Structures are given as C-alpha cells and as structure tokens.
There are 4 protein chains.
Amino acid sequence: MMSLCSFFLRKGDAGLQKNKSEKYNKILDSAGAVFAQFGFYKATISQIASRAGVADGTVYLYFKSKEDILYQFISFKTNSVFKKINAAVEKGRNAEEKLRQLIRSHMDEFQKDKNMAIIFQSEVRYFRDIQFQIKDISKMYLELLSDIIEQGQIEGAFRQDLFVGLVKRFIPGAVEGVIGTWVSADGGYDLVSMADPLVDLYLTGIREQ
Amino acid sequence: MMSLCSFFLRKGDAGLQKNKSEKYNKILDSAGAVFAQFGFYKATISQIASRAGVADGTVYLYFKSKEDILYQFISFKTNSVFKKINAAVEKGRNAEEKLRQLIRSHMDEFQKDKNMAIIFQSEVRYFRDIQFQIKDISKMYLELLSDIIEQGQIEGAFRQDLFVGLVKRFIPGAVEGVIGTWVSADGGYDLVSMADPLVDLYLTGIREQ
Amino acid sequence: MMSLCSFFLRKGDAGLQKNKSEKYNKILDSAGAVFAQFGFYKATISQIASRAGVADGTVYLYFKSKEDILYQFISFKTNSVFKKINAAVEKGRNAEEKLRQLIRSHMDEFQKDKNMAIIFQSEVRYFRDIQFQIKDISKMYLELLSDIIEQGQIEGAFRQDLFVGLVKRFIPGAVEGVIGTWVSADGGYDLVSMADPLVDLYLTGIREQ
Amino acid sequence: MMSLCSFFLRKGDAGLQKNKSEKYNKILDSAGAVFAQFGFYKATISQIASRAGVADGTVYLYFKSKEDILYQFISFKTNSVFKKINAAVEKGRNAEEKLRQLIRSHMDEFQKDKNMAIIFQSEVRYFRDIQFQIKDISKMYLELLSDIIEQGQIEGAFRQDLFVGLVKRFIPGAVEGVIGTWVSADGGYDLVSMADPLVDLYLTGIREQ
DNA sequence: CATGAATGAGAGTTCATTCAT
DNA sequence: TATGAATGAACTCTCATTCAT
C-alpha cells in the first residue's frame with residue numbers, strides 16, 4: 001500500500017522530488033522485466049539494479065526488500081490497470097457493453113504490458129502474502145462484475161437464475177486462461193481480438209438453442 | 001519416468017511389491033505437503049526429508065535433485081488424474097454428459113488432493129520446464145475437449161459456429177479459476193458441487209434467452 | 001604394511017583362501033584403474049566396487065577405508081616393482097650394467113602398468129602419509145643407488161669426487177621426469193628405449209669432452 | 001587473467017594502487033598456505049577465508065570457484081617465476097653460464113616460496129586441467145632449454161650428438177627431484193647450493209673420464 | 001561373507017542485505 | 001543520496017561408511 005501512497009504523491013507534487021521518482025520507477029520497471037524473464041526467485045537484486053542503472057545498495061533506498069519490490073510492482077500495476085478497466089467499464093451504456101468493455105480493457109492492458117501479464121500469471125499465485133495484499137483490488141474487480149451482472153439482470157439482459165457467486169469467478173478465470181495461453185504463445189497474436197468472442201461465449205453458452 | 005520404471009522393476013517380487021516404493025512414495029507425499037505449504041523455493045530438502053522420516057541424503061537415492069522431486073510429483077499426479085478423468089469421461093453417453101463428467105472428475109480429483117491442487121495452481125505456471133514436461137498431458141486434455149465439442153456439434157447439442165480454439169481454453173480456464181477460489185478459501189466448501197452449475201454456464205451462457 | 005603381509009600370505013598358502021584373495025585383488029585392480037582415471041578424490045567407492053563386480057559394502061570387508069585402498073595399492077605395487085628392479089640389478093656384472101638394469105627395469109615396470117605409473121606420478125606426492133608409508137621402499141631404492149655408485153667408484157668406473165647424496169636424488173628425479181612426459185603423451189611411444197640414452201647422459205654428461 | 005586485468009583497471013588511481021588488490025592478494029596468499037598444508041581437496045574455503053581475514057563469501061568476489069583459486073595461484077606464480085628465470089638466464093654470457101643461471105634461479109625462486117614449491121610438487125600433477133593451463137609456460141621452459149643446448153652446441157661447449165628431446169626432459173626432472181627432496185626435508189637446508197653441483201653432473205656425468 | 005539402502009556430516013556456493021565511505 | 005565491497009546465513013548435494021538382512 002505504501003507504494004500506492006508514494007505513487008499518488010508523485011502525481012500530486014510532480015516537479016518536486018522528480019529525481020526520486022525517476023529512480024523508483026526505473027527500478028520498478030527493471031524489476032518487472034527481470035521478474036518476468038527469470039521469475040522472482042531466480043532474479044537477483046544485482047540484475048535488477050544493473051538493468052535500472054543503479055547500484056545494488058540504491059535499491060534499498062526505495063524498497064524495503066526484494067519481496068517489497070514485487071509487492072509494489074503488483075500493487076502499482078493492479079491499481080493502474082484497475083483504474084483503466086474501471087474507466088472503460090463506465091463507458092458502457094448497458095450491462096452487456098460494460099462486460100465487453102471490462103474484458104476488452106483487461107486484455108488490452110495485459111497485452112500492452114507483457115511483463116506484467118507474465119508476472120500476474122506466475123508470481124501472484126505463488127505468494128499468499130501478495131494475494132492478501134491485492135485482495136482489495138481483487139474484491140473490487142469482483143464487485144465490478146457483481147454490479148454488471150446485477151445491472152444486466154435488472155435490465156432483463158441477463159438471466160435471473162444465475163449463480164452469481166460462480167459467475168463472478170468463472171469470468172475472470174476464463175479471461176486468465178485465455179491470457180495464459182497468449183503468454184505461452186509468446187504474445188504471437190492479438191489478444192484483444194479474443195475479447196468479444198469470449199464475451200459471446202459467456203452470453204450465449206455453447207449449447208444449440 | 002525411467003527412474004520410476006527401473007525402481008519398480010528392481011526387485012523380482014512382482015505381485016506384492018508392498019514396500020517396493022515405500023520410501024519413494026513417502027518422500028513424494030511429504031514433498032507434496034511441503035511444497036503446498038511453503039512453495040517450491042521456500043521448501044527445503046530437510047523439511048521434506050524429516051517429514052518423510054528419512055535422512056536428507058536418502059532423498060537423493062530416489063530423486064536426482066530438488067527440481068526432480070517437483071517434476072516427478074507433477075508427472076505422477078498429472079498422469080494419475082488424467083487417467084481418472086479419462087475414465088470418467090468415457091462413462092458419458094453423449095457430449096453434454098461427457099463434459100459434465102470431465103468437469104466433475106476434474107474438480108473431484110483436485111478436491112481429494114488439496115496439496116496437488118495448490119501445487120498445480122502455483123508451481124506449474126512458475127516453471128517453464130514443467131510446462132514443457134506436462135505439455136503432453138495438457139494437450140491430451142485439450143484434445144479431449146476438442147473431441148467432446150466436436151461430438152456435441154455432430155449430435156446437434158452444441159452450436160455449429162463455435163470458436164473451438166477459444167472454447168478449449170475458456171473451459172479449463174474457468175475451472176481453474178473456480179478451483180483457485182476454492183483453494184484460497186482453504187477448501188471450506190464442496191468443490192464438486194460447483195461442477196454442474198459451471199457446466200450449465202458453459203452451456204447456456206448468462207444471457208436471458 | 002598390512003597389505004604387504006596379506007600379500008605375502010597369499011603367496012604362501014595359495015589354494016586356501018583363494019576366494020578372498022580374488023576379491024581383494026579385483027578390488028585393488030579396479031581401484032588402480034579408477035584412481036588413475038579420475039584421481040583419488042574424484043574416484044568413488046561405488047565406481048571401484050562396481051568395476052570390481054562387488055557391492056559397495058564388500059569393499060569394506062577388505063579395506064579399512066578409501067585411503068587404505070590407495071595405501072595398499074601403492075604398497076603392493078611398490079614392493080612388487082622393487083623386487084623386480086632388485087632382481088634386474090643383480091644381473092648386472094658391474095656398476096654401469098647395474099645402473100642400466102635399474103633404469104631399464106624401472107621404466108619397463110611402469111610401462112607395463114600405466115595405471116600404476118599415473119598414480120605414482122600424481123597421488124604419491126599428494127599424500128604425506130603415503131610418502132611416509134613408502135619411505136622404506138624409497139630408502140631401499142636410494143640405498144640400491146648408493147651401492148651401485150659406490151661399487152662404480154671402487155671399480156674405477158665412476159668418478160671419485162661425486163656428491164653422492166645429490167646423485168642419488170638426481171637419477172630417480174630424471175627418470176620420473178621422463179616417465180611423466182611419457183604418461184602425459186598417453187604412453188604413445190616406447191618408454192624403455194629411453195633408458196639407455198638416459199643412462200648415457202648420466203654417465204658422460206652433456207659437455208663436449 | 002581477465003579477472004585480474006579488470007580488477008586492476010577498476011579504479012582510476014593508477015600509480016599508487018596500494019590497496020587495489022589487497023583482498024585478492026591476501027586470499028591468494030592464504031590459499032597458497034592452506035593448499036600447501038592440507039592439499040587442495042582437504043583445504044576448505046572457510047580455512048582460506050578465515051586465514052585471509054575475510055568472510056567466506058568474500059572469496060567469491062575475487063574467485064569464481066575453489067578451483068579457480070588454485071588456477072590463479074598457479075598461473076600467477078608460474079608467470080612470475082618464469083619472468084625471473086628468464087631474466088636470470090639472460091645474464092649468462094654463454095650456454096653453460098645460462099644453464100647455471102637457469103637452475104640456480106629455478107631453485108632460488110622455489111626456495112623463497114615454499115608454499116609454491118609444495119603446491120607445484122603435488123597439485124600440478126594432480127589436475128589435468130592445470131597441466132593444460134600451464135602448458136604454455138612449460139613449453140617456454142623447454143624452449144629455453146632447447147635454446148641453451150643449441151647455443152652450447154654452436155659454441156662447441158656441448159656435445160653434438162645429444163638426444164635433445166631427452167635432455168630437455170631430464171634436466172627439469174632432476175631439478176624437480178632435488179626440489180622434492182628438499183621439500184620432504186621441510187626445507188631444512190640451502191636448496192640453491194645444490195644448483196652448481198647439479199649442473200656439474202649434467203655437464204660431466206658420473207663416469208670416470 | 002556379501003549386500004546395498006540408509007545415513008548425516010560437511011562441503012562449496014549464492015545472494016539479499018548492510019554500512020562505511 | 002548513492003555506492004558497491006563485504007558479509008554470513010542458509011541452501012543443495014555428495015559420498016564414505018555402516019549395518020540389518
């Protein structure tokens with residue numbers, strides 16, 4: 001959460017403390033690349049520092065520990081992505097459009113930041129602590145889905161008898177599955193173009209009607 | 001697998017083989033528990049050995065390295081689970097029944113072996129090497145799905161216009177998402193009871209018809 | 001020295017205890033090959049045992065420890081070689097002939113047993129303990145040389161003003177140097193043919209007369 | 001050597017460089033003493049580090065492995081000794097003087113650095129890799145000898161019918177034998193005083209003329 | 001006598017973290 | 001602030017040796 005604070009502060013007083021922010025961001029970026037390439041455990045502080053163009057010790061002026069780097073990376077990315085997803089969803093005029101915006105922007109953000117995609121696929125599940133830290137965000141995502149589903153039901157667009165608790169898990173699960181496949185294929189195709197077909201599957205299912 | 005084979009063949013007392021792989025299995029079980037609890041990297045050989053009731057060095061009589069333990073654990077579980085899933089699927093009389101059997105048995109096996117569930121959730125994505133090793137199994141799973149979908153289309157039960165490549169990813173993705181949630185909740189509810197509602201979602205989607 | 005005892009006993013009561021001797025010798029031979037190929041430290045008991053066709057534990061029925069194998073190997077070879085050298089020297093009618101026999105048989109024995117040659121080149125210098133154990137043999141070799149030199153001086157064949165203490169070191173040093181070169185060249189030429197030219201060098205030196 | 005180079009070049013204070021390689025040299029010295037006393041295999045990094053007054057991990061800032069320490073020790077010493085021998089030889093006015101200088105300085109250097117003497121006696125023959133690494137130096141030594149012998153033949157000081165290939169081996173072999181004896185006697189006498197008598201033996205041989 | 005599975009002490013090595021400069 | 005040399009705890013893995021069978 002501290003990373004978020006400093007993040008928000010940096011936005012607030014841009015100009016001041018610009019140098020500190022620069023190094024902080026450099027290190028965070030560098031860590032993203034190194035974690036994505038080697039995984040958290042095989043990555044070393046030296047790799048991160050040298051890719052960021054700073055000394056090893058400097059890393060500890062901005063981060064408490066190696067784990068803290070990962071935590072801050074994930075917090076930062078999670079918040080940043082969530083904001084964009086949120087903004088995208090708001091553009092939707094009805095539940096279905098909102099759902100499409102959600103999936104599209106989710107995939108869009110991950111496609112635009114493959115390091116983040118890789119780290120979310122592999123590291124986030126690895127660390128219970130992280131799961132705890134990002135629980136808030138995760139909860140917000142689920143609440144967003146809840147709202148969309150509820151709205152859809154009110155609109156009469158979605159079925160009334162949905163097992164909402166399950167739907168809320170099943171949608172992001174499927175998205176992550178599709179993203180995971182994309183990552184495994186080294187990002188060799190356009191991920192966002194999967195979004196609408198996927199939403200169509202959510203909506204109409206696979207059964208002949 | 002060769003190590004396993006030669007191990008099983010070592011003694012000429014086929015038929016009983018009661019203690020043929022006592023130690024091997026003890027260590028593998030122990031490793032499953034320790035990996036599940038601490039994750040691969042934080043787990044130590046000493047923990048695994050002592051939980052298995054053997055000396056550290058003994059581990060290396062049965063496994064060639066720490067990674068090898070994880071590989072063999074995953075290979076073993078993957079094969080074993082896949083066989084059961086396969087058998088369950090064959091009981092289905094038609095595509096829909098087969099799909100239900102697939103999801104049910106998938107969840108059933110993971111529910112019966114929570115350590116495995118945790119390890120599959122976290123470690124498998126972490127190791128590219130492992131992903132490579134279990135690619136065959138993964139491919140078989142996807143082929144199974146392909147067959148079911150194709151059969152369903154022939155039967156006229158599933159839509160003809162499905163984006164099969166996407167459906168094949170979206171189904172296991174959603175299952176894993178549901179399993180992941182169950183794991184996060186410490187297995188506090190019946191996972192298998194999620195299977196049919198989930199299949200219903202696959203089949204009919206969430207849209208009001 | 002125990003190895004010597006058992007060696008002499010084996011000769012004494014051949015027929016009886018033949019089995020024990022067989023295994024003992026097999027292990028010793030195997031150890032010679034393995035030590036020569038890998039060096040004492042990189043060689044393992046398992047390698048030695050398996051090459052000898054016995055179980056690891058069996059090695060310890062015949063030898064006290066890994067070091068003991070090396071000690072016994074060296075004692076055995078040293079004694080055996082020294083006997084042959086001694087016998088060869090006795091055939092010489094005068095000091096010069098004796099010296100030639102000494103060098104020739106020394107080289108001959110090492111050429112016939114390359115494993116021994118390698119082990120003497122590398123291991124003997126490595127272990128102070130071994131140097132201590134074979135000091136007696138070494139001393140006998142030097143005494144043999146002393147006797148030959150003295151006899152040569154009495155015969156009037158060798159110079160009276162020799163620094164005998166130095167000559168005694170310089171002769172085996174040169175021989176070992178030549179053997180070492182031969183070993184390095186993988187025994188690719190006839191070592192014994194170096195003997196007479198080498199003795200000629202001892203005798204007449206390199207200075208124009 | 002590259003590690004050395006980059007190390008020396010690291011700081012821009014050429015000229016003084018007083019503590020540029022303080023640690024490096026301390027560790028190398030310490031390793032020399034420990035290897036000499038215990039042999040490479042029985043020596044431990046902890047012994048070397050603690051004798052050098054550094055932490056175990058520090059050793060790995062300067063050397064990439066235990067073997068690397070030995071390699072660098074031997075490379076360093078070999079080069080350093082060879083330079084001195086070379087310089088000494090150049091002082092000789094004729095072949096015989098050059099030969100005397102060669103043997104004298106060889107013994108002098110080894111006498112001044114007993115650890116090096118011990119390590120060269122025991123370790124160098126133990127490691128094929130090392131023998132390969134120092135082959136160049138060894139070759140230079142032999143070439144030096146070739147030149148001296150050839151010069152002596154041209155001068156008319158050495159016999160024309162010498163088996164030069166043999167002479168080249170026999171001289172360093174004898175020197176090493178003499179050094180080995182000196183080492184075994186714990187350096188209890190003046191080694192250099194053996195040089196001239198040894199050269200006399202080379203020159204005139206042991207036969208009555 | 002023979003076996004070989006089991007042991008566990010002990011080694012080399014890594015690397016996150018610190019701190020004097 | 002920034003550095004990067006130094007630290008040392010902690011890890012994996014090896015293998016000589018033992019002992020129940």
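These numbers come from the heavy atoms of this one structure, side chains and all, not from hydrogens, waters or symmetry mates. The sequence lines fix the lettering, A, B, ..., with proteins before strands; numbering per chain opens at 1. Keep in mind that this is a model prediction, so the values were computed, not measured.
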Between [N] ([atom2]) and [X] ([atom1]): distance, integer Å:
X: D:Q47; N: E:dA11; atom1: CD; atom2: P; answer: 8 Å
X: C:Y41; N: E:dA11; atom1: OH; atom2: C1'; answer: 13 Å
X: B:I27; N: E:dA5; atom1: CD1; atom2: C1'; answer: 11 Å
X: D:F38; N: E:dG12; atom1: CZ; atom2: P; answer: 13 Å
X: B:K64; N: F:dC15; atom1: NZ; atom2: P; answer: 16 Å
X: C:F40; N: F:dA16; atom1: CZ; atom2: C1'; answer: 10 Å
X: B:I48; N: F:dC11; atom1: CD1; atom2: C1'; answer: 12 Å
X: A:K66; N: E:dT14; atom1: NZ; atom2: P; answer: 15 Å

Ignoring the backbone of B:Y62, work out which of E:dA5, F:dA6, E:dT13 is nearest its side chain. E:dA5

Side chain of A:Y60, heavy atoms from C-beta onward: which of E:dG12, E:dT18, F:dC13 has the nearest atom to it? E:dT18

In chain order, what residues pass the side chain to side chain contact (heavy atoms under 4.5 Å, CB included) check against [X], with sequence neighbours excluded?
X: B:F40; answer: A:Y126, B:F35, B:K66, B:E67, B:L70, B:E123, B:F127
X: C:S50; answer: none
X: A:F120; answer: A:I74, A:K77, A:T78, A:F110, A:M116, A:V124

Please check if any side-chain donor atom of B:N25 sits under 3.5 Å from a side-chain acceptor atom of B:S21, or the reverse. yes

Is the backbone of [Y] close enough, under 3.5 Å, to the side chain of [X] for a donor and an acceptor to pair up by distance?
X: D:S30; Y: D:I48; value: yes
X: D:T58; Y: D:V54; value: no
X: C:Q47; Y: C:T44; value: yes

Write down the protein N/O and nucleotide N/O pairs, taken from nucleotides 7-10 of chain E, whose separation is under 3.5 Å; answer none if there are no such pairs.
residue	atom	partner	partner atom	Å
E:dT7	OP2	B:A55	N	3.0
E:dT7	OP2	B:T58	OG1	2.4
E:dG8	N7	B:G57	N	3.3

What nucleic acid atoms does A:A43 come within less than 4.0 Å of, heavy atoms only: base, sugar-phosphate, or nothing? sugar-phosphate

Hey, does B:S65 reach any base, or is it just sugar-phosphate, or nothing, if we go heavy atoms under 4.0 Å? sugar-phosphate

State which residues pass side-chain hydrogen bond (donor to acceptor under 3.5 Å, both in side chains) with C:D68; sequence neighbours excluded, sorted by chain then number. C:Q72

Starting from Watson-Crick (N1-N3 plus N6-O4 or O6-N4) and G-U wobble pairs under 3.5 Å, report the runs of at least three that DNA chain F belongs to. E:2-21 with F:2-21

